[in-house]
Amino acid sequence: YLTSVLDALSDALMVVDDGRITLVNPAATQQWGARVGEPVPDALSALLTEEGQGDTLVIEHRVHAVRIAGMGAGGRVLITTDVTDQEAAK
């Protein structure tokens with residue numbers, strides 16, 4: 001079931017341990033080019049030093065909301081949501 005849930009998410013989701021991606025969903029591959037075993041994309045790596053939400057990245061005219069949660073022992077869950085349309089409507 002987990003694979004089905006991850007595949008259905010429109011948000012990009014990456015699990016990162018020691019700077020390397022250990023789990024990625026199709027949205028993260030599409031949005032960021034993220035792949036298991038590779039380093040976190042440069043645009044996102046600087047954000048991994050802190051947990052929380054509310055960070056916003058603007059890359060190639062797209063706006064991404066970023067949420068990060070710790071998993072203990074240096075692991076992180078990184079979720080990004082393309083909020084370009086919502087930001088334009090404001």
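Residue His64 holds its NE2 atom at 10.5 Å from OG1 of Thr56, rounded to the nearest 0.5 Å. Note: Asn25 CG to Leu2 CG = 10.0 Å, rounded to the nearest 0.5 Å. Between atom OG1 of residue Thr22 and atom CZ of residue Arg76 there is a gap of 13.0 Å, rounded to the nearest 0.5 Å.
Here the shortest heavy-atom pairing between Leu6 and Pro26 reads O-CD, 4.0 Å. Between Asp42 and Ser45 the shortest heavy-atom distance is O-OG, 3.2 Å.
In this view, Asp11 and Arg67 satisfy the salt bridge (charged side-chain N to carboxylate O under 4.0 Å, His left out) rule, not counting sequence neighbours.
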Sequence neighbours left out, cut at 3.5 Å: what donor-acceptor pairs do the side chains of residues 28-38 make with other protein atoms?
| unit_1 | atom_1 | unit_2 | atom_2 | d |
| --- | --- | --- | --- | --- |
| Thr29 | OG1 | Ala34 | O | 2.9 |
| Gln31 | NE2 | Ser10 | O | 3.4 |
| Trp32 | NE1 | Thr80 | OG1 | 2.9 |

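Note: the hydrophobic cluster containing Val83 does not contain Ile79 (ILVMFWY, side chain heavy atoms under 4.5 Å, direct or indirect links).
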Original post:
Are Val24 and Leu13 close enough, and set up right, to give a side chain to side chain contact (heavy atoms under 4.5 Å, CB included), and what steps lead you there?
Top reply: CA-CA 6 Å; Val24 64; Leu13 183 141; over 6 Å; no

Subject >> Worked verdict on Val66 versus Leu57 for side chain to side chain contact (heavy atoms under 4.5 Å, CB included) >> reply: CA-CA 7 Å; Val66 179; Leu57 291 175; 4.1 Å; yes

Original post:
side chain to side chain contact (heavy atoms under 4.5 Å, CB included) between Met14 and Leu44: does it pass, once the steps are laid out?
Top reply: CA-CA 11 Å; Met14 289 173 255; Leu44 301 171; 3.4 Å; yes

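Side-chain atoms of Thr84 come within 3.5 Å of backbone atoms of Val63 as a donor-acceptor pair (strictly under, hydrogens ignored).
For the salt bridge (charged side-chain N to carboxylate O under 4.0 Å, His left out) condition, the pairs that include at least one residue of residues 79-90, sequence neighbours left out, are Arg62-Asp82, Glu87-Lys90.
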